[in-house]
Enquirer: 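Quick one: this structure, given as structure tokens, is what I'll be asking you about.
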2 protein chains.
Amino acid sequence: MRLNTKSRYAVMALADMASLRAIGPISLRDISLRQGISLQYLEQIFLKLKQHNIVKSIRGSNGGYILSKHPNNLKLSEIFLALNESVKTIGCERDSKKGCNGRSAKCITHNLWDELDLHINDFFENKKLEDLITN
Amino acid sequence: MRLNTKSRYAVMALADMASLRAIGPISLRDISLRQGISLQYLEQIFLKLKQHNIVKSIRGSNGGYILSKHPNNLKLSEIFLALNESVKTIGCERDSKKGCNGRSAKCITHNLWDELDLHINDFFENKKLEDLITN
DNA sequence: AGAAACTTGACTATTTTAGTCGGGTATATA
DNA sequence: TATATACCCGACTAAAATAGTCAAGTTTCT
């Protein structure tokens, strides 16, 4: 089971922003340099974060991004959702009554993956961005 | 984040075996037919399960596999371990003090991935094979 | 005007996954 | 003892996902 880099980098970048407690916009170039993440990869990531209203952009010189919410009000689950990251048990989709390896009935382990899904989502539901920077 | 099929199939196959409550060995061919998993793929999976002493094999005609432990004594974490399935946060390896994207210091989100790892492992530590078949 | 910084779509190399293939070896039973 | 059944195991491969890069913009500050 693996976490992809987009999600990891998104959390790193947002934690970076939050830890600065800046008033104005923060450029991706600066985040790129501090966190060692490719600028163009960050651009891809921030496109999605913006679409999900996690950040707001300010274009032009001296522009950058600002957090849409206060870090103590931003759940990590929102970040993962923005990047389409979720637990995929594949073939046993949540809420799908069929599937399960092409069989018609629920497979013997169907409920297990549902529970695992919930268990992991709980973790991200209960973590706020603020939690990452107050240690 | 995804679970690979080997781990899923391993759990399915073992749950299948456990639910039969058979005395003698169970052939992979039968499991293959019941669960719709390729025989040769099952062989790969059972090789690892055997190496980790989760099952024992009996060769020859009328042979097959038997569970090494009673289902209420087999933690799912043992199964996942046998198949090398664990949460990989990549670059932020657990117990590794360096890494984190090639930087020398712990990255800002290092502790988060450690916690997630523990959270998921807890889930599998507390689930027994028996739990899957008593519902 | 020029530089800084966001915007966006397309492209690609690498890695991982999810298997298959093919040739074994061991053993029960007819 | 022949034969079928079933485990054993290394090598291979097609497809998908990942982790980016590339290129060509547009916007806005100074």
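Note on naming: letters A, B, ... go to the chains in the order of the sequence lines (proteins, then strands), and numbering restarts at 1 for each one.
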Enquirer: Spell out protein contact along nucleotides 11-17 of chain D as letters: B when the base is contacted, S when just the sugar-phosphate is, - when no protein heavy atom is under 4.0 Å; keep the 5' to 3' order.
Expert: B-----S
Enquirer: How does each nucleotide of nucleotides 23-30 of chain C score, in 5' to 3' order, for protein heavy atoms under 4.0 Å: base (B), sugar-phosphate only (S), or none (-)?
Expert: -BBBBBS-
Enquirer: Would you kindly give the CG-to-P distance between A:Leu47 and D:dG25, to the nearest whole Å?
Expert: 19 Å
Enquirer: Rounded to the nearest Å, what distance is computed from the CG atom of residue B:Leu39 to the P atom of nucleotide D:dC7?
Expert: 7 Å
Enquirer: Roughly how far apart are B:Ser7 OG and B:Leu81 CG, rounded to 0.5 Å?
Expert: 10.5 Å
Enquirer: For A:Leu42, which contact category applies under a 4.0 Å heavy-atom criterion: base, sugar-phosphate, or nothing?
Expert: nothing
Enquirer: Please confirm whether the backbone N or O of B:Glu130 pairs with a side-chain atom of B:His70, one donor and one acceptor, at under 3.5 Å?
Expert: no
Enquirer: Given C:dT7, C:dG19, C:dA5, which nucleotide is nearest the side-chain atoms of A:Tyr65?
Expert: C:dT7
Enquirer: Nearest whole angstrom, please: distance from the P of D:dC9 to the CD1 of B:Ile45.
Expert: 16 Å
Enquirer: Do B:Leu112 and A:Phe123 have side chains that get closer than 4.5 Å, going by heavy atoms?
Expert: yes
Enquirer: Could you check how far NZ of A:Lys6 sits from C1' of D:dA19, rounded to whole Å?
Expert: 8 Å
Enquirer: How would you list all residue pairs meeting ring pair (Phe, Tyr, Trp, His ring centres under 6.0 Å) that involve residues 42-64 of chain B, not counting sequence neighbours?
Expert: B:Phe46-B:Tyr65
Enquirer: Report the distance from atom CZ of A:Arg8 to atom P of D:dA19, rounded to the nearest whole Å.
Expert: 8 Å
Enquirer: Is there a donor-acceptor contact under 3.5 Å from the side chain of A:Ser32 to the main chain of A:Ser38?
Expert: no
Enquirer: Tell me the interatomic distance from B:Leu49, atom CG, to D:dC9, atom P, rounded to whole angstroms.
Expert: 14 Å
Enquirer: Roughly how many Å is it from OH in A:Tyr41 to P in D:dC22, rounded to a whole number?
Expert: 15 Å
Enquirer: On a heavy-atom basis, which atom in B:Ala10 and which in B:Leu83 lie closest, and how many Å separate them?
Expert: CB-CD1, 3.2 Å
Enquirer: Return no unless some side-chain N or O of B:Lys50 is found under 4.0 Å from OP1 or OP2 of D:dC8.
Expert: yes
Enquirer: Looking at B:Ser19 and B:Ile133, would you say the former's side chain and the latter's main chain have a donor-acceptor pair under 3.5 Å?
Expert: no
Enquirer: Just checking, is any N or O donor in the side chain of A:Asn121 or A:Asp117 under 3.5 Å from an acceptor N or O on the other one?
Expert: yes
Enquirer: Rounded to whole Å, how long is the line connecting atom CG of A:Leu83 with atom C1' of D:dT18?
Expert: 14 Å
Enquirer: Ignoring backbone atoms, test whether A:Ser38 places a side-chain nitrogen or oxygen under 4.0 Å from the OP1 or OP2 oxygen of D:dT21.
Expert: yes
Enquirer: Would you please confirm or rule out a distance under 4.0 Å between OP1 or OP2 of C:dA5 and any side-chain N or O of A:Ser57?
Expert: no
Enquirer: Taking atom CG of A:Asn4 and atom CZ of A:Phe80, what is their separation to the nearest 0.5 Å?
Expert: 8.5 Å
